[in-house]
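Okay, so here's the structure we're looking at.
Residue numbers begin at 1 in each chain, while the letters A, B, ... track the order of the sequences.
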Protein chains: 2
Amino acid sequence: MARKPPTKPRKNASQERSRATVDALVEATARILVKEGFEKASTNRIAEIAGVSVGSLYQYFPSKEALVAAVIDRHNEEIMGIVRSARIEVADMPIDKAVRKLVTVAIEAHRIDPKLHRVLAEQIPRTGQLKDVEAFNREVHALVRTYLESRRNEMRKIDPALATFICVSAIEAVAHNTVLNHAEMLTEKTVRTLVDETTRMVVGYLR
Amino acid sequence: MARKPPTKPRKNASQERSRATVDALVEATARILVKEGFEKASTNRIAEIAGVSVGSLYQYFPSKEALVAAVIDRHNEEIMGIVRSARIEVADMPIDKAVRKLVTVAIEAHRIDPKLHRVLAEQIPRTGQLKDVEAFNREVHALVRTYLESRRNEMRKIDPALATFICVSAIEAVAHNTVLNHAEMLTEKTVRTLVDETTRMVVGYLR
DNA sequence: ATATAATGCGAGCATTCACTCGCTTTTCCT
DNA sequence: AGGAAAAGCGAGTGAATGCTCGCATTATAT
């Protein structure tokens with residue numbers, strides 16, 4: 001992500017300034033993606049919005065793709081933060097409570113920055129970044145699978161990997177479609193109903 | 001889709017020739033998308049592969065986007081054909097049989113042209129075409145909802161629109177992820193297990 | 001046969017855009 | 001203070017690409 005130094009930096013140098021530049025670039029990219037869409041996100045424009053020159057941009061990001069990847073990563077990292085802590089919180093809960101929590105978290109996670117989420121889902125051609133996204137996906141699966149394995153006694157006999165695949169697919173799809181279709185017009189009540197129903201489906205399936 | 005004629009055609013003229021051209025263009029677009037990806041699909045290249053000149057291309061398609069949209073439409077139409085006939089077939093079945101059929105069909109539909117499906121899902125920036133895809137989506141929902149409404153007596157008390165949303169989301173997600181992750185390495189047995197499990201989840205949820 | 005419309009052609013235009021490079025400014029270290 | 005490295009600059013380059021336009025070829029009608 002950072003530049004390849006021609007020689008090693010003597011100390012930490014003025015890292016402050018450059019980190020601010022990097023942040024500004026990523027932030028500008030995200031803003032353009034949300035407000036004007038992927039097509040308008042040219043490197044020149046990103047640099048302009050970031051208040052930085054194109055030259056500086058290329059000092060920190062080897063390509064436009066890398067910039068978009070950074071935005072995706074930042075967003076995914078935010079989501080994973082929530083998911084990871086939910087996984088911990090859920091560790092000692094019985095299945096019905098746990099599933100409810102996970103479903104809630106899934107919807108919450110998708111609601112972090114719905115506009116950005118939408119752009120990432122609809123407009124970004126996944127080329128190369130696929131590996132990163134897949135990694136996050138695998139982590140989610142692993143997190144859920146270990147939980148299910150720890151609660152085998154509350155469940156019917158079923159392959160944990162398979163159960164994970166089905167449950168995660170279903171939960172994610174509901175969360176995803178909810179956010180995409182109903183955008184930001186989502187009442188508390190609607191969300192609760194959705195959570196109730198999805199929980200019911202998943203719990204009913206597991207045992 | 002067709003050109004705007006400067007004057008009305010006298011008869012049906014040599015429509016044969018032009019229809020062949022249009023077909024060749026759409027087919028070439030699909031082939032390039034599958035074999036070389038979206039980025040390589042320039043209008044010049046599409047024309048070249050179709051054995052047609054760029055000029056002719058623009059006689060029938062006002063833009064590159066229109067060409068891609070045609071490919072998407074053709075693919076969606078193929079899928080909808082299967083789904084529509086499944087809906088009819090399912091009309092008089094009880095819920096468990098019907099759901100099983102619909103789940104099977106969902107996976108089958110996604111398996112029609114997995115490579116194309118993957119490219120469309122991963123690489124095509126949805127800009128403008130959104131409306132079309134949304135229309136297909138709405139039709140699927142309508143098809144399922146009318147079925148559920150006709151079987152209300154076999155189900156617990158539940159809002160049909162909500163039930164449709166949850167079931168369709170879940171089924172589509174399983175089908176989609178199955179095809180995307182496991183590509184074309186899918187044994188009959190695996191598919192049957194997947195169908196069994198998904199059916200179990202959905203039927204259990206509905207009643 | 002001749003006129004008219006339909007279809008097809010493809011070199012080239014105009015534009016966009018990712019990216020480079022030579023240079024200046026800022027920061028750090030001694 | 002002075003020198004070196006880090007950070008920043010932005011006009012310019014080269015390549016790609018969507019699309020046009022004037023002309024050529026083929027089909028249809030009279």
Side-chain angles (χ1 to χ4, degrees), chain A residues 1-26 28-29 32-33 36-71 124-125 127-128, chain B residues 1-26 28-29 32-33 36-70 123-125 127-128:
Chain A
M1 197 81 61
R3 80 179 295 202
K4 291 182 200 166
T7 85
K8 291 178 209 166
R10 240 180 248 216
K11 264 199 175 177
N12 61 351
S14 59
Q15 305 297 23
E16 214 45 49
R17 193 149 136 256
S18 57
R19 230 171 331 181
T21 301
V22 169
D23 274 4
L25 284 167
V26 176
T29 307
I32 294 176
L33 286 179
E36 317 188 37
F38 180 73
E39 302 199 326
K40 295 289 179 63
S42 69
T43 51
N44 288 316
R45 183 139 181 68
I46 291 171
E48 179 193 326
I49 296 290
V52 153
S53 79
V54 223
S56 297
L57 185 158
Y58 278 95
Q59 206 134 65
Y60 301 103
F61 297 93
S63 71
K64 179 189 171 179
E65 226 189 21
L67 217 23
V68 174
V71 173
I124 309 290
T127 306
Chain B
M1 197 81 61
R3 79 179 294 201
K4 290 181 201 166
T7 85
K8 292 176 209 169
R10 243 177 244 219
K11 267 198 172 177
N12 61 353
S14 58
Q15 304 298 24
E16 215 45 49
R17 195 149 133 259
S18 57
R19 231 171 330 179
T21 302
V22 169
D23 275 4
L25 284 167
V26 176
T29 306
I32 294 176
L33 286 180
E36 318 189 35
F38 180 72
E39 302 200 328
K40 295 291 181 64
S42 70
T43 50
N44 287 319
R45 181 137 182 72
I46 290 171
E48 179 192 326
I49 297 290
V52 154
S53 79
V54 223
S56 298
L57 184 158
Y58 278 95
Q59 205 133 64
Y60 301 104
F61 297 92
S63 69
K64 179 191 169 177
E65 228 190 17
L67 216 24
V68 174
Q123 291 187 39
I124 310 290
T127 306

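What separates CZ of B:R17 from C1' of C:dT7 is a distance of 5 Å, to the nearest Å. What separates CD of A:E48 from P of D:dG8 is a distance of 18 Å, to the nearest Å. The interatomic distance linking A:E16 (CD) with D:dA5 (P) rounds to 22 Å, in whole Å. Between A:I32 atom CD1 and C:dC17 atom C1' there is a gap of 14 Å when expressed in whole angstrom units. In this structure, B:Q59 atom CD and D:dA24 atom C1' are separated by 13 Å, rounded to whole Å. A:L57 has its CG atom 15 Å from the P atom of C:dC17, to the nearest Å. Atom-to-atom, OH of A:Y60 to C1' of C:dC19 comes out at 17 Å; the value is rounded to the nearest Å. Rounded to an integer number of Å, the gap from CG of A:D23 to P of D:dA7 is 14 Å.
Within the 4.5 Å cutoff, the side chain of A:V71 has no heavy atoms near those of the A:I124 side chain. B:Y58 places a side-chain heavy atom less than 4.5 Å from the side chain of B:T43.
Look at B:S56 and you'll find a side-chain N or O under 4.0 angstrom from OP1 or OP2 of C:dC9.
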inquiry  = Please encode protein proximity along nucleotides 17-22 of chain D as a string of B, S and -, counting only heavy-atom distances under 4.0 Å.
reply    = SBBB--

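For the atom pair OG1 (A:T21) and CZ (A:R17), the distance works out to 7.0 Å, reported to the nearest 0.5 Å.
In this structure, the side chain of B:K40 does not engage the main chain of B:R45 through any donor-acceptor pair within 3.5 Å.
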request  = Could you walk me through whether A:F61 and A:V22 pass side chain to side chain contact (heavy atoms under 4.5 Å, CB included), step by step?
outcome  = CA-CA 9 Å; A:F61 297 93; A:V22 169; 3.8 Å; yes

